[in-house]
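Worksheet: one structure, shown below.
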There are 2 protein chains.
Amino acid sequence: MSQTVDRALSILPLLAQGPANLEQVADRLGVHKSTALRLLRTLHEHGMVYRQADQRYRLGARLFALAQEAVENLDVRDIAHPHLVALNEKVGHTVHLAVYEENEVLYIDKVESRYPVRMYSRIGKPVAITVAAVAKLLLADLPEPERRAVAERLDYPQYTARSTPDATAFLAELAKVREQGWATDLGGHEESINCIGAPIRGADGRLVAAMSVSAPNVVVSAEELLALLPLVRRTADAISREYSGNDPVRTPQDHKEAR
Amino acid sequence: MSQTVDRALSILPLLAQGPANLEQVADRLGVHKSTALRLLRTLHEHGMVYRQADQRYRLGARLFALAQEAVENLDVRDIAHPHLVALNEKVGHTVHLAVYEENEVLYIDKVESRYPVRMYSRIGKPVAITVAAVAKLLLADLPEPERRAVAERLDYPQYTARSTPDATAFLAELAKVREQGWATDLGGHEESINCIGAPIRGADGRLVAAMSVSAPNVVVSAEELLALLPLVRRTADAISREYSGNDPVRTPQDHKEAR
DNA sequence: TTTCTTGTTGCAACATCTGCAACGCCCATT
DNA sequence: AATGGGCGTTGCAGATGTTGCAACAAGAAA
């Protein structure tokens, strides 16, 4: 749409491959040296490119400062909430959103079941970390040494007969969760409540949050709840996509062709 | 230099603060809606901005990908990382790696403390330039006129009672740092956190980066931390040697494993 | 329904960008 | 020291791309 900006932005992926001097940039852009120079100057003023000692250009610091700032200001909740509501309207059960932070898993959003039977959970409250589906998902994503360290540091309260008994069992469960990409809690926290969860990932593939659908088995059986799994996973994936901004990203070579 | 590109790039930091709609962007940019629209479209085609469900714009995935590459291209990081990890394993405290670029000092790598007490810092984030040990080291290495110019241009926020008060004090501190070849920050940024740093030099003797070890004084006193200085300096020297390729390179295979 | 708000498009005026050619600087070669 | 080549930089005139306007479209609110 805007030729000048288009050209300027095309410089960035080019420099991402490695440092380049003015002439190389001009050539690969298909413009005159002086044009490339002016574009690079503008990029430079904004800190998007950096000029190293040998006068060659490479990507600049502001790029990751920007990315960093954006990530900090990005709230999963904002993005997830409408999806959670939509899911809740479809299935009727309670929907949770949780994040991992400093050895804890916290609920950060919740859409109440439309059925009168409610469960005990609250936004901001730590999750029952050894049994909840969202906790399993979030912990399963930790790098191996930390995962093990956390698992061994935890207490394993026997809420019910189905609660995770100890670190060994928990680590095995985490491995399974990691493998299959989803998690359950079948009566592990409260005897009569089942729960299925799915992961929400950021652009780098790491988990940023996890969501779950919970229902007491007086309303639906565990099997019926599990039938909702594809729906829950699709929702989680939709949130992931929106969160990481992957949606309509074109491949770099599309640009030249489209011009 | 280039108005169009200048405007387009000005949109990015604006969106980094949070999502904005067309009109907000146009207003804050001081241009007509249609102009802003075209700029945003161009940014969009390059994946630099993303349009969320509510039509508002935010920074896009490609920006993050580029930022990622930018960080990876800073190759001191590749070499330093294994050393930083090793040091962290030995002392347990948080280890930072930082570079100077365009009047800023940026963290480009960090290995977290194994203690639960963590400090507020993040890769890609600008360092508190007037107090941080790594900043003192990097600025002390600038040629005299530039060093003075930068020092006088800076603000001197009084984070704590021990923060560097003004340019004069800062220049004196830099002279000392230059002299002794290492630097400290004793409660200058956060009252309870101390920090010791050492320089990493390229083949030409100029600084290419600086590293530091930080610890809250609830864990170790300033004196205990200072006792680690020889170790920190040895680590920095090892990185310098490997980076400048002067010495028998230690363990080439470490890189692949650590990355 | 009407009324507002917000995003989008076509267009004519013109400001901005472009490519050129000449210049200057630095380094390598003689 | 002088010469020559490589590369970055600058001023300029022409023209291309960009701008702001005003009108339109679409959706939300009243």
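First the proteins, then the strands, lettered A, B, ... as listed; each starts at 1.
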(message) Donor-acceptor pair, distance only, cut-off 3.5 Å: does the side chain of A:Arg201 make one with the backbone of A:Leu207?
(response) no

(message) Looking at A:Arg41 and D:dG8, is any side-chain donor or acceptor paired with a base atom of the opposite kind under 3.5 Å?
(response) no

(request) To the nearest Å, give me how far apart CG (A:Asp6) and P (C:dT16) are. (result) 20 Å

(message) Please determine whether a side-chain nitrogen or oxygen atom of B:Thr35 lies at a distance below 4.0 Å from atom OP1 or OP2 of D:dG20.
(response) yes

(message) Checking the side chain of A:His46 only, and the main-chain atoms of A:Met48 only, is there a donor and an acceptor separated by less than 3.5 Å?
(response) no

(message) Within the 3.5 Å criterion, strictly below it, is a donor on B:His81 or B:Asp109 matched to an acceptor on the partner's side chain?
(response) yes

(message) Rounding to an integer number of Å, can you tell me how far B:Arg38 CZ sits from D:dT19 P?
(response) 7 Å

(request) Calculate the interatomic distance between A:Leu37 atom CG and C:dC23 atom P; express it in whole Å. (result) 19 Å

(request) Confirm from the modelled atom types if A:Ser34 and C:dC20 form a donor-acceptor pair under 3.5 Å, side chain to base only. (result) yes

(message) Here's a test of your reading of the structure: between A:Val5 and A:Glu23, which maps to the more 5' nucleotide of DNA chain D?
(response) A:Glu23

(message) Whole angstroms only, please: what is the CG-P distance between B:Leu39 and D:dG17?
(response) 16 Å

(request) Nearest-nucleotide wise, let me know which of A:Tyr57 and B:Gln3 is further upstream toward the 5' end of DNA chain D. (result) A:Tyr57

(message) Ignoring hydrogens and geometry beyond distance, is a side-chain donor-acceptor pair present between B:Tyr57 and B:Arg51 at under 3.5 Å?
(response) yes

(request) Round to the nearest Å and state the distance from B:Asp27 atom CG to C:dT5 atom P. (result) 14 Å

(message) On the nucleotide D:dT19, are OP1 or OP2 found under 4.0 Å from the side-chain N or O atoms that B:Arg7 carries?
(response) yes

(message) What is the distance, to the nearest angstrom, from the NZ atom on A:Lys33 to the C1' atom on D:dT9?
(response) 9 Å

(message) What is the distance, to the nearest angstrom, from the CG atom on A:Leu29 to the C1' atom on C:dC17?
(response) 15 Å

(request) Could you check whether B:Arg51 gets within reach of a base, just the sugar-phosphate, or nothing at all, counting any heavy atom under 4.0 Å? (result) sugar-phosphate

(message) With a 4.0 Å cutoff (strictly under), does any side-chain N or O of A:Thr4 reach OP1 or OP2 of D:dT18?
(response) yes

(request) Would you tell me whether A:Gln17 and A:Arg28 have side-chain atoms, one donor and one acceptor, within less than 3.5 Å of each other? (result) yes

(message) Nearest whole Å is fine: how far is C:dA15 C1' from B:His32 NE2?
(response) 17 Å

